[in-house]
Amino acid sequence: MPELPEVELLRRELDAALPGRWIVGVDVRLPKVFRADPGLDCRDLVGVEVRSVARRGKHLMAHLSGDLCLVLHLRLSGQLVLRQGEATLAAGGHPVPRFDVQLPHKSTHIIFDFAAVDGEPASPAATRLYFTDIRQFGFCHLMASERLAGYLEAKSLGPEAIADSLTLEEFARIVGRRPRARLKSLLLDQSAVSGLGNIYADEALFLARLYPQRQAGSLALLEVSSLLEGIRAALGYALENGVAHVVNGRASPGTEFPRVHGREGELCPRCGAEIVRLRLGGRSTYFCPSCQPERAD
DNA sequence: AACTACTCCTGGAGGC
DNA sequence: TGCCTCCAGGAGTAGT
């Protein structure tokens, strides 16, 4: 599912391709996925220029001319594909359906049309951004730029999981604030640290050799440090080497990343023990019972 | 504070 | 083949 690495890699592609382009049309095919603040609607996007594409946690923010901002959240299965004619200029988010299929299709809910930019032929192939979401949980939200800070504030997002500014000292403080929380739940809580989802939370705990059900308050400082390193390593690996490929809760065969998530019954790449699945808060959690023992020795 | 359960939704998998 | 049930999950909310 799109988590921080998927969203960040998509952001980079969009930020390389969209700024300077003007929106000339918006086709909202599924109204519930397009939200707007009072007094605004999708027609206000026509004639607006994209200035930059930013990210906070798993939220994408397109900063627009006219003091507007479009916030996107992909949730479970959202994806964005930017096409110019047949060519794909940017694509990311949930890998299903594949990025190279014919667009639009029945799960394409919003289409943004862009005008040609300077240097392109007078009538270039149409440039379109397709918002697709099989499960329809993702959304776009149009608001005035000045409203963005308040909007994000209301989400109570914790610090970015990969920010250099997230020091061990601060992370220890965050962990210490929820002493009874299970580690897995803590990592999924966007108000603690933002950006992790089910996949990378499992990977971070595996790298840190920590049992997902450990209570946060039971960690020694060295373990808190390992956990922070595990988070950075799991996210950093995905940002540098390509994102984890997991579909319907199963890791793709033949891949080595993710290492434990979606691999129940497979062998731990570190010690060879069998990877176990646990249901925690209604969510599947995968770990190695040998590398991540219940009690620290 | 921290847990569970439920909601939104579709598509894929497995059972029979 | 087809119908049924279950499962995947981010985040919000309600209840305990």
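Each chain gets a letter, A, B and so on, in the order the sequences are listed, and its residues count up from 1.
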Indicate whether any N or O donor in one side chain lies under 3.5 Å from an N or O acceptor in the other, for [X] and [Y].
X       : Y       : answer
E266(A) : Y286(A) : no
D133(A) : H94(A)  : no
K184(A) : Q213(A) : no
S107(A) : T132(A) : no

Nearest whole Å is fine: how far is [N] [atom2] from [X] [atom1]?
X       : N       : atom1 : atom2 : value
F131(A) : dC9(B)  : CZ    : P     : 14 Å
R56(A)  : dG10(C) : CZ    : C1'   : 16 Å
L152(A) : dG12(C) : CG    : C1'   : 16 Å
E264(A) : dG14(B) : CD    : P     : 13 Å
L280(A) : dG10(C) : CG    : P     : 13 Å
H141(A) : dG10(C) : NE2   : P     : 22 Å
F139(A) : dT7(B)  : CZ    : C1'   : 15 Å
R279(A) : dT4(B)  : CZ    : P     : 11 Å

Phosphate OP1/OP2 of [N]: any [X] side-chain N/O under 4.0 Å:
X       : N       : result
S284(A) : dA8(C)  : yes
H73(A)  : dA11(C) : yes
K106(A) : dT10(B) : no
R250(A) : dG11(B) : no
Q190(A) : dA11(C) : yes
Q136(A) : dC8(B)  : no
H59(A)  : dA11(C) : no

Checklist entry - Within a strict 4.5 Å, meaning less than it, do heavy atoms of the L82(A) and F112(A) side chains meet? => result no
Checklist entry - What pairs of residues pass the ring pair (Phe, Tyr, Trp, His ring centres under 6.0 Å) test when at least one of them lies in residues 9-43 of chain A, not counting sequence neighbours? => result none
Checklist entry - 5'-most contact on DNA chain B: R182(A) or R283(A), nearest heavy atom basis? => result R182(A)
Checklist entry - Going by side-chain heavy atoms closer than 4.5 Å, which hydrophobic residues are tied to L148(A), directly or by a chain of links? => result M61(A), V71(A), F139(A), M143(A), Y151(A), L152(A), L157(A)
Under 4.0 Å between any heavy atoms, over every strand shown, what does [X] touch: base, sugar-phosphate, or nothing? Just pick one.
X       : value
H105(A) : nothing
P2(A)   : nothing
R177(A) : nothing

Checklist entry - Are F137(A) and dG9(C) stacked, counting the six-membered base ring, centres under 5.5 Å, planes under 30°? => result no
Checklist entry - Does any residue of residues 74-81 of chain A have a heavy atom under 4.0 Å from DNA chain C, and if so, which ones, in number order? => result R75(A), L76(A)
Among the candidates [options], find the nucleotide nearest to the side-chain atoms of [X].
X       : options                  : result
K32(A)  : dA2(B), dC9(B), dG12(C)  : dC9(B)
I134(A) : dC9(B), dT10(B), dA11(C) : dT10(B)
S107(A) : dG10(C), dG11(B), dG9(C) : dG11(B)

Checklist entry - Is the H73(A) ring parallel, tilted or perpendicular to the H59(A) ring (thresholds 30°, 60°)? => result perpendicular
